[in-house]
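Start at 1 with the first residue, then count along the sequence.
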Amino acid sequence: MIVVTGATGGLGGTTVEHLLKRTPADQIGISVRDTAKAQHFADRGVRVRQGTYEDPVALRNSFAGAEQVLLVSGNDPDADMVGLHRNAVEAAVAAGARRILYTSQQGAVPGNPYRPSDIHIATEALLDDSGVAWTALRNGAYGPLDQVLGPWQRTGVIAQPQDGPVPYTDRADIAEATAVVLAGDRAFDGPVNLTAPNAVTFDDLAKIASGLTGHRVERVVLDDEQWVAGQIAIGVPEQMARLMLTWYQAARSGYFAEAGPLLAELLGREPRTAAERLATHVAA
């Protein structure tokens, strides 16, 4: 039995879809906040149980019988995510899971200024102390490219803070690779990186975008405080803007620069590159 949390979300749900291609449905379970939203999985034979990181008792029930549990990391900036992840780890241990997998983040190392890194570092420490075999999937940045590039198609300008090389990774590739790890015979102990094959900068992406559109896309480096003020002016809460700023600061310091081959090995093909993703976005 493989149990996946967060299966009504983008990463968890796509992982389950790929698991269904590799594992009998009756060997897959999911733990979700709202079981009604997972009816499409129940209809296909997946075991659906209610469970949230806030409710350890329900979690233990939703993890019952699991040989492996995939913990999809939470992202509520106002919550005690380390405490909630502790609940999930302890529930998986109590349920008898033999391995816990956790969706961590590339660059989850001490000193990284990107604030969520601290959550992942602490959660990996919890896993290491759990007494159960564990794998931390340190995923490359897989959010929408416009989230970090800004409205460049409208403005013709990538006007963001100073950045650094990042192997922008396709979420669908990460989900497929996660399913391969869960359903396969190859075990990974501790942290492993899942990233696109090449790290690129905004300068690189501006050149790629220029070639795709036939119009020059300019890269403009904004002062950090100037960028924060601009975000606030368009309605982004200051706390959220400053949180995102730490991501740019981490990128420019090289915390996301390393690109590894494991994602390609697991997929059996080359992952989608940032250039390919940008081309799809332009075509759409």
* Can Arg99 and Thr135 be counted as having a side-chain donor-acceptor contact under 3.5 angstrom? -> yes

* At their closest point, which heavy atom of Ser73 faces which heavy atom of His85, and how far apart are they? -> CA-NE2, 3.6 Å

* Asked: Linking I/L/V/M/F/W/Y whenever any side-chain heavy atoms sit under 4.5 Å apart, do Met240 and Ile234 land together?
  -> yes

* **Non-hydrogen atoms of Ala159 and Leu222 that approach each other most closely** => O-CD1, 3.3 Å

* In Å and rounded to the nearest 0.5 Å, what is the OH to OG distance from Tyr53 to Ser31? -> 7.5 Å

* To do: Anything under 30° is parallel, anything over 60° is perpendicular, the rest tilted; go ahead and classify Trp152 against His281.
  => tilted

* Between the main-chain N or O of Leu126 and the side-chain N or O of Asp129, is there a donor-acceptor pair closer than 3.5 Å? -> no

* Step-by-step side chain to side chain contact (heavy atoms under 4.5 Å, CB included) determination, Lys207 to Leu205 -> CA-CA 5 Å; Lys207 293 175 183 176; Leu205 292 172; over 6 Å; no

* Asp26 and Arg47, any side-chain heavy atoms less than 4.5 Å apart -> no

* With side chains defined as the heavy atoms from C-beta onward, is the minimum distance between Val16 and Arg44 less than 4.5 Å? -> no

* Asked: Are any of the side-chain heavy atoms of Val72 and Tyr102 separated by less than 4.5 Å?
  -> no

* **Pair Asp224 + Arg242, salt bridge at N-O below 4.0 Å** => no

* State whether the side chain of Ser253 and the backbone N or O of Ala250 hold a donor-acceptor pair below 3.5 Å, judged by distance alone. => no

* Asked: In terms of heavy-atom contacts, does CZ of Arg98 have more than 12 from other residues, nucleotides or ligands at under 6.0 Å?
  -> no

* Asked: So do Leu137 and Asn193 actually touch side chain to side chain, heavy atoms under 4.5 Å?
  -> no

* Cluster link Phe41 to Leu70, ILVMFWY, side chain under 4.5 Å -> yes

* Asked: Can you get from Val148 to Val221 by hopping between Ile, Leu, Val, Met, Phe, Trp and Tyr side chains that sit under 4.5 Å apart?
  -> no

* Asked: Where does the angle between the aromatic ring planes of Phe202 and Tyr248 fall among parallel (under 30°), tilted (30 to 60°) and perpendicular (over 60°)?
  -> perpendicular

* Around atom CG of Asp185, are there more than 12 heavy atoms of other residues, nucleotides or ligands at under 6.0 Å? -> no

* Go through the steps to decide whether Arg138 and Val192 satisfy the test side chain to side chain contact (heavy atoms under 4.5 Å, CB included), and finish with yes or no. => CA-CA 6 Å; Arg138 290 184 175 174; Val192 294; over 6 Å; no

* To do: Say whether Leu20 and Val69 are linked into one hydrophobic cluster, either directly or through other cluster members, by side-chain heavy-atom distances under 4.5 angstrom.
  => no

* Got a donor-acceptor contact below 3.5 angstrom from the Ser210 side chain to the Val217 backbone? -> yes

* Do you see a donor-acceptor pair shorter than 3.5 Å between the side chains of Thr280 and Arg272? -> yes

* Asked: For the atom pair CE (Met1) and OG1 (Thr23), what is the distance rounded to the nearest 0.5 Å?
  -> 11.0 Å

* Minimum-distance pair of heavy atoms, taken over all atoms of Leu84 and Ala79 -> CD1-CB, 4.0 Å

* Asked: With side chains defined as the heavy atoms from C-beta onward, is the minimum distance between Ile100 and Val93 less than 4.5 Å?
  -> yes

* **Close side-chain approach of Pro261 and Pro197, heavy atoms under 4.5 Å** => no

* Distance, nearest 0.5 Å, that separates CD1 of Ile121 from CD of Gln105 -> 8.5 Å

* To do: Please lay out, stage by stage, how Glu54 and Asn87 fare under the test side chain to side chain contact (heavy atoms under 4.5 Å, CB included).
  => CA-CA 7 Å; Glu54 296 88 353; Asn87 290 344; 5.8 Å; no

* Check whether more than 12 heavy atoms from other residues, nucleotides or ligands sit under 6.0 Å from atom CD of Glu258, and answer yes or no. => no

* To do: Look at the side chain of Gln39 and the backbone N and O of Ala36, then say whether any donor-acceptor pair between them is shorter than 3.5 Å.
  => no

* Does any N or O in the side chain of Asn112 come within less than 3.5 Å of the main-chain N or O of Ser117, such that one atom is a donor and the other an acceptor? -> no

* To do: Would you sort out whether Asp128 and Trp134 count as a side-chain hydrogen bond (donor to acceptor under 3.5 Å, both in side chains), showing the intermediate values?
  => CA-CA 7 Å; Asp128 200 37; Trp134 63 279; 3.3 Å; yes

* To do: Starting from the C-alpha separation in whole Å, work towards a yes-or-no answer on side chain to side chain contact (heavy atoms under 4.5 Å, CB included) for Leu266 and Leu194.
  => CA-CA 9 Å; Leu266 293 171; Leu194 296 181; 3.7 Å; yes

* Asked: With a 4.5 Å heavy-atom cut-off, do Tyr255 and Pro113 have their side chains touching?
  -> yes

* **Gap separating the OH atom of Tyr114 from the CD atom of Gln249, nearest 0.5 angstrom** => 12.0 Å

* Are the side chain of Gln68 and the backbone N or O of Leu101 linked by a donor-acceptor pair below 3.5 Å? -> no

* **Within 6.0 Å of CZ in Arg252, more than 12 heavy atoms from elsewhere** => yes

* To do: Given salt bridge (Lys or Arg N to Asp or Glu O under 4.0 Å), test Arg33 with Asp55 step by step and report yes or no.
  => CA-CA 10 Å; Arg33 184 176 300 276; Asp55 188 343; over 6 Å; no

* Could you walk me through whether Arg22 and Glu17 pass the salt bridge (Lys or Arg N to Asp or Glu O under 4.0 Å) check? -> CA-CA 9 Å; Arg22 295 168 170 80; Glu17 290 289 353; over 6 Å; no

* Would you give the length of the straight line joining atom OG of Ser130 to atom CD of Glu124, rounded to the nearest 0.5 angstrom? => 12.0 Å

* May I ask you to decide whether Lys21 forms a salt bridge with Glu176, counting only side-chain N to carboxylate O separations under 4.0 Å? => no

* Structure fact -> In terms of heavy-atom contacts, Pro167 and Phe256 come closest through CD-O, 2.7 Å

* Asked: Same cluster for Val89 and Leu59 if Ile/Leu/Val/Met/Phe/Trp/Tyr side chains link at under 4.5 Å?
  -> yes

* With distance as the sole test, does Tyr142 use its side chain to make a donor-acceptor pair with the main-chain N or O of Thr195 at under 3.5 Å? -> no

* Asked: Would Arg60 and Glu90 pass as an ion pair if we require N to O under 4.0 Å?
  -> no

* If you measure from the Lys or Arg side-chain nitrogens to the Asp or Glu carboxylate oxygens, is any gap between Arg219 and Asp163 under 4.0 Å? -> yes

* **Ala274 versus Leu145, closest heavy-atom pair with distance** => O-CD1, 3.9 Å

* Quick one: pull up CG in Leu245 and CD in Glu238 and give me the separation to the nearest 0.5 Å. => 11.0 Å

* To do: Examine distances only and state if a side-chain atom of Arg49 and a backbone atom of Ala64 form a donor-acceptor pair shorter than 3.5 Å.
  => no

* To do: Would you check if Val32 and Ser62 make a side-chain contact, meaning some heavy-atom pair closer than 4.5 Å?
  => no

* To do: For residues Ile174 and Gly140, report the shortest heavy-atom separation together with the two atoms involved.
  => CD1-O, 3.8 Å

* **Salt bridge flag under 4.0 Å for residues Arg269 and Asp173** => yes

* Kindly say whether Thr169 contributes a backbone atom to a donor-acceptor pair with the side chain of Arg277 at under 3.5 angstrom? => yes

